[in-house]
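Naming: A, B, ... by sequence-line order, numbering from 1 per chain.
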Amino acid sequence: MSALLEKSFFDRPVVAVARDLIGANLLFAGAGGRIVEVEAYDPTDPASHSFRGPTPRNRVMFGPPGHAYVYKIYGIHYCLNFVCQPGSAILIRALEPLEGLDIMRARRGGLADRQLCSGPGKLAQALGIDLEHDGLALDAPPFAISAAEGAHPIATGPRIGITKGAETPWRFVLAGSRFLSRPMAKVQPDL
DNA sequence: GAAAGGATCCGCT
DNA sequence: GCGGATCCTTTCA
């Protein structure tokens with residue numbers, strides 16, 4: 001098991017951090033697994049919550065790097081992000097479930113492992129994350145995030161579910177993973 | 001004060 | 001493949 005990531009890991013350009021998170025291990029209170037899908041957002045990006053500056057909801061995005069930004073979407077689901085440099089964050093979209101399988105299955109209604117964490121809302125539900133956890137530090141419990149070990153083939157493509165900035169290819173996935181929220185429509189190897 | 005719409009998921013057709 | 005659920009943040013008058 002490699003060392004836990006420190007806040008300085010996140011104090012870099014958001015796209016570089018996003019690439020490095022593919023293959024990293026994310027645990028929240030003992031439940032989680034390998035990160036296989038993320039998306040990057042930055043303040044110059046019309047799809048980003050930070051595009052129009054700080055608001056009560058997104059204030060954590062403008063705080064120090066290495067904290068969790070959690071928000072509610074469509075009145076029902078929660079999404080987990082990692083804050084990088086000011087106004088930048090990475091949406092964690094899918095995990096390969098590895099730890100705490102029993103509790104994650106229970107939270108997700110007994111669904112199959114492929115469906116436990118294959119989407120941002122599902123992942124937050126499986127890990128038990130909600131608005132109470134907005135702003136928590138990522139380098140201390142209940143978070144435990146360790147760096148990827150070895151090489152991971154990364155594919156890139158357009159982000160999912162957005163209407164503005166839809167062409168920006170800031171979705172990063174572990175190529176060929178069975179645990180993605182959706183397959184990469186057109187596999188583009190990362191360069 | 002009002003209205004629009006969203007970084008989603010699930011069930012039904 | 002499509003639409004409803006569900007709510008609250010943000011924007012605009």
Side-chain angles (χ1 to χ4, degrees), chain A residues 10 13-15 17-19 21-22 24 26 28 31-33 35-63 65 67-97 104-136 138 154-174 177-185:
Chain A
F10 300 96
V14 67
V15 167
V17 180
R19 281 195 183 89
L21 282 173
I22 297 298
L26 164 63
F28 184 79
I35 297 174
V36 296
E37 176 176 351
V38 301
E39 288 177 358
Y41 292 85
D42 90 355
T44 67
D45 170 9
S48 175
H49 288 180
S50 59
F51 183 61
R52 294 174 186 275
T55 67
R57 177 178 67 163
N58 69 15
R59 70 194 187 290
V60 174
M61 286 185 81
F62 292 91
H67 292 256
Y69 168 47
V70 182
Y71 66 90
K72 194 179 210 181
I73 187 70
Y74 297 113
I76 304 180
H77 303 290
Y78 300 99
C79 292
L80 170 65
N81 299 254
F82 294 168
V83 175
C84 295
Q85 291 170 336
S88 301
I90 296 166
L91 172 67
I92 310 302
R93 290 193 54 92
L95 302 180
E96 175 178 344
M104 291 199 291
R105 289 182 188 123
R107 288 172 177 147
R108 293 279 301 136
L111 291 175
D113 289 3
R114 280 181 77 152
Q115 302 174 65
L116 291 182
C117 299
S118 54
K122 301 177 188 179
L123 180 161
Q125 185 182 29
L127 270 55
I129 288 174
D130 65 25
L131 292 183
E132 289 181 23
H133 308 114
D134 187 37
L136 286 186
L138 296 174
I154 296 175
T156 67
R159 294 169 296 181
I160 293 179
I162 54 175
T163 55
K164 292 164 274 190
E167 66 291 339
T168 306
W170 280 3
R171 179 182 181 221
F172 300 88
V173 308
L174 178 61
S177 172
R178 305 166 37 239
F179 297 93
L180 305 181
S181 65
R182 300 185 48 184
M184 189 65 83

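Place Leu131(A) and His77(A) on DNA chain C by their nearest nucleotides, and His77(A) ends up nearer the 5' end. Along DNA chain B, the nucleotide closest to Gln125(A) and the one closest to Gly75(A) are compared, and the more 5′ of them pairs with Gly75(A). Judged by closest nucleotide on DNA chain B, Tyr69(A) is the one of Tyr69(A) and Arg108(A) placed further toward the 5' end.
In this structure, Arg93(A) reaches the dT8(B) phosphate: one of its side-chain N or O atoms is under 4.0 Å from OP1 or OP2. The side chain of Arg57(A) places an N or O atom within less than 4.0 Å of a non-bridging phosphate oxygen (OP1 or OP2) of dT10(C). Distances shown here put every side-chain N or O of Arg52(A) at or beyond 4.0 Å from the OP1 or OP2 atom of dT10(C).
The minimum heavy-atom distance linking Ala68(A) with Val60(A) is given by the pair O-CG1, 3.5 Å.
Taking 3.5 Å as the limit, the base of dA7(B) and the side chain of Tyr71(A) contain a donor-acceptor pair of atoms between them.
Residue Lys72(A) places its side chain closer to dC7(C) than to any other of dT8(B), dC7(C), dT6(C). Checking dG6(B), dC10(B), dA5(C) against every side-chain atom of Tyr74(A), the shortest atom distance belongs to dG6(B). Of the candidate nucleotides dT10(C), dA5(C), dA7(B), dA5(C) has the atom lying nearest to any side-chain atom of Ile76(A).
Rounded to whole Å, the distance from CE on Met61(A) to P on dA7(B) is 11 Å. Here the P atom of nucleotide dG5(B) and the NZ atom of Lys164(A) are 10 Å apart, to the nearest Å. Spacing between atom CG of Asn58(A) and atom P of dC8(C) amounts to 17 Å, rounded to whole angstrom units. Rounded to whole Å, the distance from CD1 on Ile73(A) to P on dC9(B) is 10 Å. In this entry the distance linking CG of Leu123(A) with P of dC10(B) reads 13 Å, nearest Å. When the C1' atom of dG6(B) is taken as reference, atom OH of Tyr78(A) falls 15 Å away, rounded to whole Å. Rounded to whole Å, the distance from NZ on Lys122(A) to P on dG11(B) is 11 Å. If you measure from atom CD of Glu37(A) to atom P of dA7(B), you get 15 Å, rounded to the nearest angstrom.
Of all nucleotides present, none satisfies the Watson-Crick or G-U wobble test against dA7(B) with each distance under 3.5 Å. Nucleotide dT6(C) forms a pair with no other nucleotide shown, judged by Watson-Crick or G-U wobble geometry with both contacts under 3.5 Å.
The closest donor-acceptor contact from the side chain of Arg93(A) to the backbone of Glu39(A) lies at 3.5 Å or more, if one exists at all.
Residue-level contact check: Gly121(A) touches the backbone only, with heavy atoms under 4.0 Å from sugar-phosphate atoms and none from bases. Residue contacts shown for Arg182(A) are absent, as no nucleic acid heavy atom lies under 4.0 Å away. Thr163(A) comes within contact range of the sugar-phosphate backbone alone, with a heavy-atom separation under 4.0 Å but no base atom that close.
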Open item on the list: Assess the residue pair Arg105(A) and Asp113(A) against the criterion (salt bridge (charged side-chain N to carboxylate O under 4.0 Å, His left out)); give the C-alpha distance rounded to whole Å, side-chain angles, the decisive distance to 0.1 Å, and a yes or no.
Closed with: CA-CA 7 Å; Arg105(A) 289 182 188 123; Asp113(A) 289 3; 3.0 Å; yes
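Distance noted for atom P between dT6(C) and dA2(B): 23 Å (whole Å).
With hydrogens and angles left out, the side-chain atoms of Glu96(A) and Ser177(A) include no donor and acceptor closer than 3.5 Å. When only modelled atom types and interatomic distance are considered, His49(A) and Tyr69(A) share a side-chain donor-acceptor pair under 3.5 Å.
Distance check, rounded to the nearest 0.5 Å: NE2 of His77(A) to CD of Gln125(A) gives 8.0 Å.
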